Amino acid sequence: LYCAYSRSIVMKTCKKMGIKTVAVHSDVDASAVHVKMADEAVCVGPAPTNKSYLNMDAIMDAIRKTGSQAVHPGYGFLSENKEFAKRLAAEDVVFIGPDTHAIHAMGDKIESKLLAKAANVNVIPGFDGVVENVEDAVKIAGDIGYPVMIKASAGGGGKGMRIAWNDDETREGFRLSSQEAASSFGDDRLLIEKFVDNPRHIEIQVLADKHGNALWLNERECSIQRRNQKVVEEAPSTFLDPETRRAMGEQAVQLAKAVHYSSAGTVEFLVDSNKNFYFLEMNTRLQVEHPITECITGLDLVQQMIRVAKGFPLLHKQEDIPINGWAIESRVYAEDPYKSFGLPSIGRLSQYQEPINLPKVRVDSGIQEGSDISIYYDPMISKLVTYGATRAEALQRMEAALDNYVIRGVTHNIPLLREIITHPRFISGDITTNFLPEEYPEGFKGHQLTSEGRRELVATAAALYVSAQLRSQRFLGNLRVSTTPQEQRQWELCVELEKGSHTVAVSRSGSTFTVEVDGVTVEVSGEWNLASALLPVTINRTPRVLQCLSRDAGGDITLQYLGTQFKVRVLSQLVSTLSAHMPEKVPEDTSSILRSPMPGSVVAVSVKPGDVVAEGQEICVIEAMKMQNSLIAAKAAKVKSVHCKAGETVGEGDLLVQLE
């Protein structure tokens, strides 16, 4: 049984059903979780996807070698590739998914739109054909009227998609989208349609068998996105009323029946503020966010897919499908959320601890402590799902789960996820696909401390510092120096946080510290286990879970507080006075240099030494995790030197181009 990114989730269900599994993997994934879970494993090539997970010949050889009877394609790679499904059918191997006709019909956005129209499904106005070239794109966009959405005909997952508001953006969008589409899907065809401003992205889960039965399993709200890729999803939606939900579900089923669909699939809609909904696309595979549907319906979608593929009819009727409770999913990525809401990060997970000890928390992941996050594959670490009887309960559990999630070795997006789920606008349910750029127009800056939050953080840092000092004075429970006078119980410290300095007075009684910060008393108590990755404390009777990410003898402490990392320096009064005389490091002038914001490969370099560039002009294009990123000049200047060329691999922070 072959499965790609969703490998471990599929294998868990297979084991529950008594089905033996075979994992295929690239050479860099030889120690991956899914390889260890499988009964057998076969290497299908080196790291690049076109030489391994997209290498049909190697995968077919693995199927023959192991005698596999069925293939589950997972979420990506070949999951919506009709040629792969055809090759399996030719060798009497069951493809756990829809037949090739449905994959072809729904996988091509142009054809799927025409079929949706014919099935009386609401569609977005646009050009019903393939865009041939750049000038053709500009003309079509002008005819439709700006803004328009340029997207890959064979695409999905937000790749190969650009919004254009004028002719210049259409030209750039056409170029970048076609390159991304070719790289990700091997098909550079594009289509253009009207962009619905300020929409919600709501999708309907469908399930159909080979006997003409089809169900809709309610909706998923997927409006929180960055770069057209989902970040936080929930089921059900706060926006839909029963009538709209039923209308969307019935249209989704109409479309599934029109293409004789048989498996789990997802019909995606854009919904405007008046609850008008328009067909966006159909994904003929299991969706990343399927667990939240499983939570509210009680169905195992992977199990249902396997049953349908075997030829069994559906066990349920439409009236059997409930909405029990509320589920929320956060996509945890190895990304830097401070760069365009998430640019990929790579590295090794030096410490990794999932919050599965908490009630009603589910973590679907394919990694473990020691796993490498590379430039070759999607940077997703896991899908963190919480479930509750109400939305408020599910949100509260998500907040706790994010605080208790330990990830070290790579930059991750937990700071952004926690800010989203605690944002008043998100809590109210007033969201659109523009939520992130509207709420963070200058980019994400992390949690912004209130005066109370600042005091909490300063007090906790001071208490942690004192705990470390007291521990260092003891060995095997005894004071290191027996002649030391009675243990100190009061301290005068200086705590530096975000360019501000606070003089604090600390006193201790057992495991409780009383800290006076800016004239306000803060009481902090806890176990103070300095070896633990988590730091559960009670601050003024409010329980909190912080994480101490680093701590050194010089008083520098990095704490994760309310999801965001804060650098704090705790010093004695004497050291604080002396540190004022230390010279400060002058920051680098970034306007004259262009560094890679992420690890990846150089797709194109548009300049050479001696060229004069304008502010905002493209200098080079970096591809990371199958997404292309255009890097531009910060000012008008002459190019002094170029330090990269097309085809090279670069790391985060590597110097690419220097300007005079």
Side-chain angles (χ1 to χ4, degrees), residues 1-26 29-44 53 59 62-79 88 93-97 205 207 209 217 262-264 285-312 314-316 327 329 332 349 352-371 377-378 380-387:
L1 180 81
Y2 159 65
C3 50
Y5 185 79
S6 54
R7 42 218 174 201
S8 57
I9 296 103
V10 175
M11 287 184 181
K12 285 177 184 175
T13 296
C14 287
K15 287 185 181 298
K16 185 172 69 175
M17 298 176 72
I19 300 171
K20 290 189 175 181
T21 57
V22 176
V24 298
H25 63 89
S26 65
D29 275 348
S31 299
V33 171
H34 77 291
V35 174
K36 295 177 180 178
M37 287 180 67
D39 297 289
E40 295 180 65
V42 179
C43 181
V44 289
Y53 294 115
I59 293 167
I63 292 167
R64 296 185 199 101
K65 177 182 175 182
T66 59
S68 295
Q69 298 167 294
V71 169
H72 194 299
Y75 302 148
F77 296 128
L78 298 175
S79 62
L88 291 173
V93 177
V94 175
F95 179 75
I96 302 176
Q205 176 71 56
L207 181 65
D209 62 22
L217 309 181
S262 60
S263 191
R285 56 176 168 81
L286 192 66
Q287 289 282 84
V288 171
E289 59 274 17
H290 79 276
I292 56 177
T293 296
E294 295 183 336
C295 286
I296 67 167
T297 62
L299 296 178
D300 182 332
L301 292 183
V302 174
Q303 184 178 19
Q304 296 299 320
M305 292 177 76
I306 295 172
R307 289 188 77 261
V308 168
K310 182 66 176 172
F312 292 115
L314 296 181
L315 293 171
H316 304 86
E329 175 180 288
V332 182
L349 290 165
Y352 183 73
Q353 185 177 309
E354 296 174 348
I356 51 177
N357 59 306
L358 302 178
K360 295 186 179 179
V361 172
R362 169 177 168 175
V363 183
D364 287 358
S365 66
I367 48 91
Q368 61 188 350
E369 191 165 290
S371 292
Y377 312 122
D378 191 282
M380 186 183 289
I381 293 173
S382 73
K383 303 176 299 178
L384 177 62
V385 180
T386 57
Y387 173 71

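Since the structure is predicted, the reported quantities are computational estimates derived from the model, not experimental observations. Numbers for residues simply follow the sequence, beginning at 1.
Between the NZ atom of K20 and the OG1 atom of T66 there is a distance of 12.0 Å, given to the nearest 0.5 Å. The CG atom of L299 sits 6.0 Å away from the CG atom of L217 when rounded to the nearest 0.5 Å. The distance from the CG atom of L315 to the CD atom of Q304 is 6.0 Å, given to the nearest 0.5 Å. Expressed to the nearest 0.5 Å, how far CE of M11 lies from CD1 of I19 amounts to 12.0 Å. Here the straight-line distance linking atom OG of S263 with atom CG of D209 works out to 10.5 Å at 0.5 Å rounding. Atoms OG and CD1, from S382 and I367 in turn, are 6.5 Å apart once rounded to the nearest 0.5 Å.
Shortest non-hydrogen contact noted between V33 and S8 is CG1-CB, 4.5 Å. Taking each heavy atom of F95 and A309 in turn, the nearest pair found is O-CB, 4.3 Å. Closest non-hydrogen pair, V385 versus C295, comes out as CG1-SG, 3.9 Å. Contact record, Q368 with S31: NE2-O, 3.7 Å, taken as the closest heavy-atom pair.
Proximity of L88 to I63: side-chain heavy atoms (C-beta onward) are separated by under 4.5 Å at one or more points. In this structure the side chain of M305 never reaches within 4.5 angstrom of the side chain of T13, judged on heavy atoms. With contacts defined as side-chain heavy-atom distances shorter than 4.5 Å, the pair T293/Q287 does not qualify. A heavy-atom distance below 4.5 Å is found between the side chains of I306 and C14. Using a 4.5 Å cut-off on side-chain heavy atoms (C-beta onward), K12 and M37 make contact. Counting heavy atoms from C-beta on, the side chains of R285 and P73 never come closer than 4.5 Å. A heavy-atom distance below 4.5 Å is not found between the side chains of L78 and Y53. Looking at heavy atoms from C-beta onward, E329 lies in side-chain contact with V288 at the 4.5 angstrom threshold.
A distance-only check finds a donor-acceptor pair linking the side chain of D39 to the backbone of T21 [under 3.5 Å]. Under the 3.5 Å distance criterion, the side-chain polar atoms of Y352 are left unmatched by any main-chain donor or acceptor of G370. Of the possible donor and acceptor atoms, none in the side chain of H290 sits under 3.5 Å from a partner among the backbone N and O of D300. A donor-acceptor pair under 3.5 Å links the side-chain atoms of E294 to the main chain of L301, judged by distance alone.
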### Task
Begin from the C-alpha positions of Y75 and D378 and carry the test side chain to side chain contact (heavy atoms under 4.5 Å, CB included) through to its verdict.
CA-CA 11 Å; Y75 302 148; D378 191 282; over 6 Å; no
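Listed by chain and number, the residues in a salt bridge (Lys or Arg N to Asp or Glu O under 4.0 Å) with D364 are R362, K383 (sequence neighbours excluded).
The environment of K15 atom NZ is dense: over 12 non-hydrogen atoms of other residues, nucleotides or ligands sit within 6.0 angstrom.
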